[in-house]
**Q** 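Starting off with a structure, shown below.
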Amino acid sequence: MPAAQAESFIRALATANPAPETELIYHDPFTLLVAVVLSAQATDAAVNRCTPALFAAAPTPERMAALGAEGIGPYIRSIGLWQAKAKNVGALARDLVDKHGGRVPGDREALEALPGVGRKTANVVLNIAFGQNTMAVDTHIFRLGNRCGLAPGKTPRDVEDMLVRRCPPDLLRDAHHWLILHGRYVCKARAPECWRCVARAFCNYRDKVLAPPA
DNA sequence: ATCCCGAGGG
DNA sequence: CCCTCTGGAT
């Protein structure tokens, strides 16, 4: 996709929130980081349901580290992969206390060194909590990009670089967040809801799955 | 019954 | 590259 068209594509997606009911409820670095770690393979609703009690019990890295995997587990048993996540979050909080003065580091290298934190999670935290020019390319964005011919045959990392390069600076925050939601709730893997997609004009598959259910 | 999905490990 | 973890969605 040509540069000018890519910018239009990003602009279209960045100006419409497709799932206002699942809006991100955490914005400070620590709760955001933990919430994102818990989000893999779980619905936003499930994460938003169980995290308030968890953060009431452990609002800081110190308290979370003290809770440990055994103490964290009971709060998150309703979401997928909870055993691994409890372990990761406990170890992550321990690392924050021991290696980062109880603060969430604001650089990629340190974030990705934390247990359970990969490139995608680091990019979300860097963008939303630290205001940096990053884009988290998860499989939702990757699929959306592929269906729209954003960067045919390219790797997720290539797509990430392209989005960072093409996204107008004033739209960075919204583009990052709304792109994920579009892939997750509109341009879904199984039953995409093309009839309410703001990127229809760019999509190569729209004619095949455009109609709403009867 | 099968797919979803990010991180980590083989 | 492949596989596993797990509850939820379909």
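A note on names: the letters A, B, ... follow the listed sequences, proteins ahead of strands, and every chain is numbered from 1. All heavy atoms count here, side chains included; hydrogens, waters and symmetry mates do not. These numbers were taken from a predicted model, which means no experiment stands behind them.
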**Q** How do A:Ala40 and A:Arg190 order along DNA chain B: which one's closest nucleotide is nearer the 5' end?
**A**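 This one resolves to A:Arg190.
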**Q** Give the rounded distance in Å between these two atoms: CD1 of A:Ile141 and P of B:dC4.
**A**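 About 18 Å, once rounded to whole Å.
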**Q** From CG of A:Leu114 over to P of B:dG6, roughly how many Å is that when rounded to an integer?
**A**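 Whole-Å distance recorded here is 19 Å.
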**Q** For A:Arg157, check salt bridge (Lys or Arg N to Asp or Glu O under 4.0 Å) against everything at least two apart and list the hits.
**A**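 Partners of A:Arg157 by the salt bridge (Lys or Arg N to Asp or Glu O under 4.0 Å) criterion, ordered by chain and then number, come out as A:Asp161.
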**Q** Hey, is the main chain of A:Cys197 close enough, under 3.5 Å, to the side chain of A:Arg200 for a donor-acceptor pair?
**A**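 Looks like yes, one N/O pair under 3.5 Å.
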**Q** For the pair made of CG in A:Leu38 and P in B:dA7, what is the distance, rounded to whole Å?
**A**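 From A:Leu38 CG to B:dA7 P: 12 Å.
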**Q** Closer than 3.5 angstrom, by distance alone: can the side chain of A:His182 be matched with the main-chain N or O of A:Ala16 as a donor-acceptor pair?
**A**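 Side chain of A:His182 to backbone of A:Ala16, a donor-acceptor pair under 3.5 Å: yes, one is there.
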**Q** Can you tell me the distance, in whole Å, between the CG atom of A:Leu144 and the P atom of B:dC5?
**A**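 Taking CG of A:Leu144 and P of B:dC5, I get 12 Å after rounding.
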**Q** Any base atoms under 4.0 Å from A:Val117, or only sugar-phosphate, or nothing? Heavy atoms, all strands.
**A**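 Here A:Val117 touches the backbone only, sparing every base.
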**Q** Atom CD1 of A:Ile79 and atom C1' of B:dC4: how far apart are they, to the nearest Å?
**A**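 My rounded result for the distance is 15 Å.
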**Q** Find out whether A:Leu96 and A:Pro105 are in side-chain contact, i.e. whether some heavy atom of one side chain is under 4.5 Å from a heavy atom of the other.
**A**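 SC-SC contact between A:Leu96 and A:Pro105 confirmed.
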**Q** Calculate the interatomic distance between A:Arg108 atom CZ and B:dA7 atom C1'; express it in whole Å.
**A**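 A:Arg108 atom CZ is separated from B:dA7 atom C1' by 15 Å.
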**Q** So A:Arg143, base contact, sugar-phosphate only, or nothing? Heavy-atom distance under 4.0 Å.
**A**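 Sugar-phosphate: the residue A:Arg143, judged by heavy atoms under 4.0 Å, touches backbone atoms but no base.
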**Q** Can you see if the side chain of A:Thr121 gets near the phosphate of B:dA7 - specifically, an N or O under 4.0 Å from OP1 or OP2?
**A**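 Answer yes for this pair, as a side-chain N or O of A:Thr121 is under 4.0 Å from OP1 or OP2.
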**Q** Kindly say whether A:Gly80 contributes a backbone atom to a donor-acceptor pair with the side chain of A:Lys85 at under 3.5 angstrom?
**A**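 Yes, because the side chain of A:Lys85 sits within donor-acceptor range (under 3.5 Å) of the backbone of A:Gly80.
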**Q** For A:Asp138, which contact category applies under a 4.0 Å heavy-atom criterion: base, sugar-phosphate, or nothing?
**A**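 Sugar-phosphate only.
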**Q** Can you give the first and last nucleotides of DNA chain C, 5' to 3', that have an atom under 4.0 Å from a heavy atom of chain A?
**A**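 Using the under 4.0 Å cut-off, the span is C:dC5 to C:dT10.
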**Q** Any side-chain N or O of A:Ser39 less than 4.0 Å from the OP1 or OP2 oxygen of B:dG6?
**A**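 Result: no.
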**Q** Between the side chains of A:His140 and A:Arg143, is a donor N or O closer than 3.5 angstrom to an acceptor N or O?
**A**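 Present: a donor and an acceptor within the cut-off.
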**Q** A:Gln41 has an atom CD; how far is it from atom P of B:dG6, in whole Å?
**A**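 Distance, rounded to whole Å: 7 Å.
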**Q** Whole angstroms only, please: what is the CZ-C1' distance between A:Phe142 and B:dG6?
**A**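 Those two atoms, CZ and C1', are 15 Å apart.
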**Q** Would you find a donor on one side and an acceptor on the other, under 3.5 Å apart, between the side chain of A:Asp158 and the backbone of A:Thr155?
**A**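 Yes, the answer is positive, given that a donor and an acceptor are paired below the 3.5 Å cut-off.
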